[in-house]
Structure formats: C-alpha cells, structure tokens
There are 2 protein chains.
Amino acid sequence: MRHNRATLADVARRAGLSKTAASMVLNGREGTRLSAEAHQRVFAAAEELGYRPNVAARSLRTRKTATIAFVSDVVATTRFAGDLIRGALDAARERDHVLLIAETQGDAAFEQHAIDAMLDRQVDGVIYAAMATRRLTVPPALRTGPVVLLNATSSDGLPCVVPDNERAGRTAVAALLDRGHHDRIALIGRNRPKENDPEISLAAHARLRGIQDALAEAGTTLCREAFCHEWLPEHGFKAMRTILRRSARPTAVICMNDRLAFGVYQALAEAGLAVPDDVSVVSFDDDPIAAWLRPGLSTIGLPHVQMGRRAVELLLDGKATGPTTVPMTMRRRSSIGSPAA
Amino acid sequence: MRHNRATLADVARRAGLSKTAASMVLNGREGTRLSAEAHQRVFAAAEELGYRPNVAARSLRTRKTATIAFVSDVVATTRFAGDLIRGALDAARERDHVLLIAETQGDAAFEQHAIDAMLDRQVDGVIYAAMATRRLTVPPALRTGPVVLLNATSSDGLPCVVPDNERAGRTAVAALLDRGHHDRIALIGRNRPKENDPEISLAAHARLRGIQDALAEAGTTLCREAFCHEWLPEHGFKAMRTILRRSARPTAVICMNDRLAFGVYQALAEAGLAVPDDVSVVSFDDDPIAAWLRPGLSTIGLPHVQMGRRAVELLLDGKATGPTTVPMTMRRRSSIGSPAA
DNA sequence: ACCCATTGCTAAACTGATTTAGCGCGAGCA
DNA sequence: TGCTCGCGCTAAATCAGTTTAGCAATGGGT
C-alpha cells in the first residue's frame, strides 16, 4: 500500500543535508554535533513531506520491529480472549508497538507454522497465551527470544502472568461469612481432572484451596460438594437440582464459574426458591452473563484486561522471571444475602 | 529474536552457488536455466541450515509483506469479535498470511495512530471491521491500498461483507408460520435510532423489513411491537412483562437478539408461563447464551467466522467491489412449538 | 608558523533479500 | 577460422533505513 511515500533520502534532499544527518536528527541521537538550524530544516522537511519511516527497512538494520507476537491456543471459543487481547493491545499502543496475532487451535502443525511466521517477521518478543489458566510447555523455537506466558505457567521459570485464583477462593468465602453464612455452604463444580491436572487447569485447584483454607480458618467446612463434568449451565443445573432433592438446603452456594451459577439459578427457579432470600450464590469469572441474571450475580472477576497489559509490560520492560499474579476482584451485585433466621 | 538465522548468502555459499541462483531456486522461478543439480544443492543447503527467509528484507524489495491489517472499532466489548478474527485468521493462514491487529475504540486519534502503524509496516491490505453491522466512512489514509469492510458498508463502493439480516428476518417468521403461529406474533426490540440511523445499525432495519414483508406475504401483521432502548436482557424483560400485563398473550415472540430473548425468558418464567408451550420464542445472533437457556433458544445466527474468512478472501483474491452478503442460518433448538389450540 | 582539538557534517558500508544485465563457454554453422 | 546462439550461472544494483569512520574548516595555543 502507498507506493509514493517520502523516504529518508527525500527528507535529506529537501533539507539540503545528508541521509545520515536526517536519520540522526529524526532519531534524536545524543552527542551528535548537528546545528540547531540543521535540526530545524530536517524537522520541517519531514513535516512537509509527511515522512514516516519504513519499519521494514529500519528493522533490517536494527533488528527491532516494534512488533509483538500474540500466540494463543484458542481465541474464538471463549469470550475472554477478547479481553486478554484488548489489554495487550492497549499496553502495546502506549509503547508504540503493534500485535501480530496467531492461533494454534491446539494443533502442533498450526503452532509450528504460526511460530515460524512470527519469527520470520522478526518479532521483538512473543506472548504465548492460553485460554484456560494452565501449565504448558513452550515450544523450543520460542526460547530463542523474549517470551512471556499469559494465563499460563511453565516449569522452566519463564515469566508468566496468571490470575490469583487462590485469593479469589478466599474472597468468595469471606463474602459469605460476612453475611452470616457458616455451616451450610455448598460448592458446585468440583472436577477431578481440572483440579489434579495442571495442564488442564490451574484455576480449579487454586480456587478450591482458597475456599477450603478460608473455611477451615473460620472453623467450618463445606456442607456439600457437587462434582461436575464440565463447567456449563446444564451441569450446574443438574448439580443444584440433586442437592435440593437429596440434602438439607444450603444457605449459600459457591459456583466454580458463572456458567455453573446460571444453571444453579435455573434449578433454584424451578424449585421456586429465591436468590438471595432462600439461597445466596457467589461465583467466579465475571462473565457478562453475571450482569444479566436476575438478581445480578456477585462474582470474583478474572482480570483479563489487566493480564493482557501486564504481559506486554513484562515482555518489553522487564527482565522479570517467574510468575506474576494479578488480583481478582469481587464484582458485587445482588446474589448474596443473609441466611434466613 | 533468533540472531543466528541462516541467510540466503549462507545457503548460496554452502551450495557453492551465487545468491542469485539460490534465490531463484527457492522461489521456484520459471524460465531460469539452472541445472537440476543446482536445484538439488540449493534445496539441500537450505534444508540443512534450516533456512527461512527474512520477511523484512524481502518485503523491502518486493513491497509485499504477506501481512494483513485487521483494524476494528471495538474488539473487547462483544464476544463476536473473536469469531470475526478467528475466521480471518483461518483464511489468512491458508494463504500464508498473518494478521496485524489494532483497535480504534472509536477514537479518532487512536485510529490515526493505528492506521499509521499498519501502513508503516507495509501491510498488503486492510480489513476495517465494525462490531455492530453499520455504515461508516473509511479514513482516507486507507484508500491508498486494498481495503475491505467487515460487518460494515460504506457509500463509496468499497468491497464489504455483511450478514443477510433481511433474509434472517424472513427466516424467523417462516419458522413461526410453519408451526401454525399467525395472528398473535409479537416483536420485541424495535428501536428508532437503530432502525433509522445506518451509522448505528444496519441490522435492526433489515431484520424488521424481513419480518414485516414475510408477515405481509402471509396476509398478517405483528400483533404487538415493543420498543427497547437497548438490546439487553433487562429491556427484553421489561418489554415482555408489559406485554403480558397489557394485551392478550401472544403465541410467539420474535426478539431482535438473544440477549433480549433472555430477558423475555425471565419475564415468562416470572409469569409462570412455559416456553414453548405457552409462548414460542425466536431470535437472532446465536449468542452462546442461546444454548444455555432452558429450553434452548432457536435463533438465526450471525455467521461471524464465515464473514471474517470472506473478508480476507476478498482482500487477497478479489477485485470484488460492493457488498457481499453472507447468509444467516437458523440454529434450531427447542423454543418454538405450536400454539395451544 | 605550526600543531591540535573541536565543530559540523558526509561518504560508504551494512542489513538480507530480489532482480536486472550480462559474462564465459561450448556447440553449430558457414 | 570466425561468428552466432544458447546454456548455466553471477556481479551488481536496489529497496530504505542505521551506523561507522572520517573529512574540511575553524579557532586557540605555543
């Protein structure tokens, strides 16, 4: 595009100086002894010609492209991807960088292809993102330059940014204890594979620990724990329905995510029970759906935008190593009340 | 990244040939008179060294970067952005291209910045995407090269891809008529600004026309039309509640989108009415929430993935001008039944 | 008068590819 | 023997920048 852009040579010619002079002035090089007048002339010429440097030409020499690769496993599946990207985009813009994106779809061939494509374009660094917080191993090709893992960790001490799920678990419990819930708190969404296989999920384990620890510190435990195959509304629905049929009704339910909570709302409605008067509900993620439920769902949100930001900050500024955790904060709506006396 | 990549010169040296020869062989140039043996040697050398061309260097000469800019107004706000991007990403990968993404957030300064950044990197073309289907005017800087509008149209005859909302409207009506609904069909989500200002939305007007025309052809009209300020669940909830209070109950409701439909479900549940036995519901978009509702919501889906694909296909292959419409297809779930006799 | 340092600037090399122009050699022909 | 032609290949220019090495002019000191 744009075949007729002014080049540095054009600017130099118009300013009556050499390319060298023009380059130095425009790059604001210190220690150069060009006169104030020369500076003026170069700036004026650049301005008049609407000069913009050709990044490809520059990077050929400097090996800097001001371009970051954002490689993720799956972007489309989850709505959260957008936020991760948005945060990264914001931070990149502030630093005059740009994002090259690719998706591996969990396919090794695609991944290789994507990484090659990025490396061929001499990106300055790579953000390797996972859509579900988990542990993964980064492809060796990436180890040749700066990498930061986003929403993932790895065993090789690379810098990475992950949400503080354990603290989030404690926060959920605290919100319930505050309102007087204590003995009759149920948990929905336990899931062995997610809890035990860090390559699938890191969130489930961390949330669970946070919840259990906080409860233990308050001298109590969960009154009921429901296992779910997936964290989708239908599973929350079934789990809640079962709980209502089989046990004494809990005063509060913690759901492992908002989609489960949606299912819980449906089961509660079916049973003619009101949130939060009969049962309080808290959950995690701050999915848009949390705001749409009636009553609004209180949830501890995943800070995707911040995480995206943080990742590019670490990549560009930092010699950071190891994990950076980003706090998850409670989005208070109306799903938590006090237990009926 | 990767400082020690083999260059073309390395390959040539190892093959005992000139850079020229190596370049021609690797690019599979026709009409060159290099011997079969020379070909062998070059391929072998490239293979052994793991040679990959430096895209920046190449593009400096050829002015092709195999890179497409994807500039959108807002990516994060709506979950649909992910699908648009995903489709574009797929098609780009198939053609060995890569996507540079930027977001303007509707801010003119950001937009200028983003466009400059892309142009500085010599992208081969630009996809200019809007998150809500609408008409817009493309910044003049983009007119210097290939552009295609995605989910948007413009007055200057640029190629663009948009969903076929009018046909979607007809489809919704047909699904209802098929089941025997006729006289008592209500519409929820009319909205003057969306319907009348193409710079805000093209979808509302088109859907409405499709609905009205199809109904007229069947010799009937809507029994009720509810206006909504926004297309969010709460507005659908209020609208449906009002309808239930004030008028004879419709046998079916068409919602302008799935979020409104969610609100409608909530109002129906509150009134103790069942979907689809008491009231059938159809809507548009195929938001993930449609699958989560009980019963599953039948909806005419926005083909975002296809649209994203189509946009890069037009950009790279085509000398297409004017609009390309992509069909919206009905996602059948369980929210449409026959009216009670 | 000579030497040296400083000032203000530039020529040329360099980055890694593509592309144009053309060279040397052997065969065929007169 | 001399000329042309085709074959197989290469030198050098080019793209648009950055960077290194260094040149000419001036001024000051001895």
Side-chain angles (χ1 to χ4, degrees), chain A residues 1-42 45-46 49-67 117 119-124, chain B residues 1-42 45-46 49-67 116 119-124:
Chain A
M1 311 192 58
R2 186 107 79 115
H3 276 229
N4 36 9
R5 287 168 68 120
T7 70
L8 184 64
D10 296 330
V11 172
R13 197 171 311 122
R14 173 164 255 239
L17 289 163
S18 67
K19 283 198 305 173
T20 311
S23 170
M24 289 176 152
V25 168
L26 293 175
N27 289 321
R29 284 270 288 245
E30 305 277 315
T32 174
R33 297 170 308 225
L34 293 158
S35 64
E37 206 222 322
H39 277 78
Q40 287 306 326
R41 292 219 306 273
V42 170
L49 296 174
Y51 171 71
R52 302 220 104 227
N54 179 324
V55 175
R58 169 180 292 167
S59 74
L60 192 53
R61 186 85 238 258
T62 60
R63 344 210 108 241
K64 296 246 146 276
T65 48
T67 301
L119 259 25
D120 290 351
R121 285 169 181 79
Q122 318 286 125
V123 294
D124 293 344
Chain B
M1 311 191 59
R2 186 106 78 114
H3 278 228
N4 37 11
R5 287 169 68 121
T7 69
L8 184 64
D10 296 330
V11 173
R13 197 172 311 122
R14 172 162 255 238
L17 289 163
S18 67
K19 284 197 307 173
T20 311
S23 169
M24 289 176 153
V25 168
L26 292 175
N27 290 321
R29 284 270 289 245
E30 305 278 316
T32 174
R33 296 171 307 225
L34 292 159
S35 65
E37 205 222 323
H39 276 78
Q40 286 306 325
R41 292 219 305 275
V42 170
L49 297 173
Y51 170 71
R52 302 221 103 225
N54 179 324
V55 175
R58 168 180 292 169
S59 74
L60 191 53
R61 187 83 238 258
T62 61
R63 341 208 113 245
K64 294 245 146 278
T65 48
T67 301
D116 284 344
L119 261 23
D120 290 350
R121 285 168 181 79
Q122 318 286 126
V123 295
D124 293 344

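First the proteins, then the strands, lettered A, B, ... as listed; each starts at 1.
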From [atom1] of [X] over to [atom2] of [N], roughly how many Å is that when rounded to an integer?
| X | N | atom1 | atom2 | answer |
| --- | --- | --- | --- | --- |
| E30(A) | dT19(D) | CD | P | 14 Å |
| L49(B) | dG16(C) | CG | P | 14 Å |
| L26(B) | dA17(C) | CG | C1' | 11 Å |
| Q122(A) | dG17(D) | CD | C1' | 15 Å |
| L60(B) | dT15(C) | CG | C1' | 9 Å |
| R63(A) | dG17(D) | CZ | P | 18 Å |
| N54(A) | dT15(C) | CG | P | 18 Å |
| N27(B) | dA17(C) | CG | C1' | 9 Å |

Counting N and O atoms only, with roles assigned by atom type, does the side chain of [X] sit under 3.5 Å from a partner on the main chain of [Y], one being a donor and the other an acceptor?
| X | Y | value |
| --- | --- | --- |
| R5(A) | L119(B) | yes |
| T65(A) | S59(A) | no |
| S23(A) | K19(A) | no |

At under 4.0 Å between heavy atoms, what does S23(B) touch on the DNA or RNA strands: base, sugar-phosphate, or nothing? base

Would you say that L26(A) contacts L8(A) through its side chain, given a criterion of any heavy-atom pair below 4.5 Å between the two side chains? yes

Value rounded to 0.5 Å, distance of CD in E30(A) from OG1 in T32(A): 10.0 Å

In Å, rounded to the nearest 0.5 Å, how long is the span from CE of M24(B) to CG of L34(B)? 7.0 Å

Strictly under 3.5 Å: I want the nitrogen or oxygen pairs between protein and nucleotides 5-10 of chain C, one per line.
| residue | atom | partner | partner atom | Å |
| --- | --- | --- | --- | --- |
| dG8(C) | N7 | R33(A) | NE | 3.0 |
| dG8(C) | N7 | R33(A) | NH2 | 3.0 |
| dG8(C) | O6 | R33(A) | NH2 | 2.8 |
| dC9(C) | OP2 | S35(A) | N | 2.7 |
| dC9(C) | OP2 | S35(A) | OG | 3.1 |
| dT10(C) | OP2 | S18(A) | N | 2.9 |
| dT10(C) | OP2 | S18(A) | OG | 3.0 |

Taking the side chain of R58(B) as its heavy atoms from C-beta onward, which of dA17(C), dG16(C), dG17(D) lies nearest to it? dA17(C)

Any side-chain donor-acceptor pair under 3.5 Å between T67(B) and R121(A)? yes

Does the side chain of R29(B) get closer than 4.0 angstrom to OP1 or OP2 of dT18(C) through an N or O atom? no

Donor/acceptor link under 3.5 angstrom from R61(A) side chain onto base of dT15(C): no

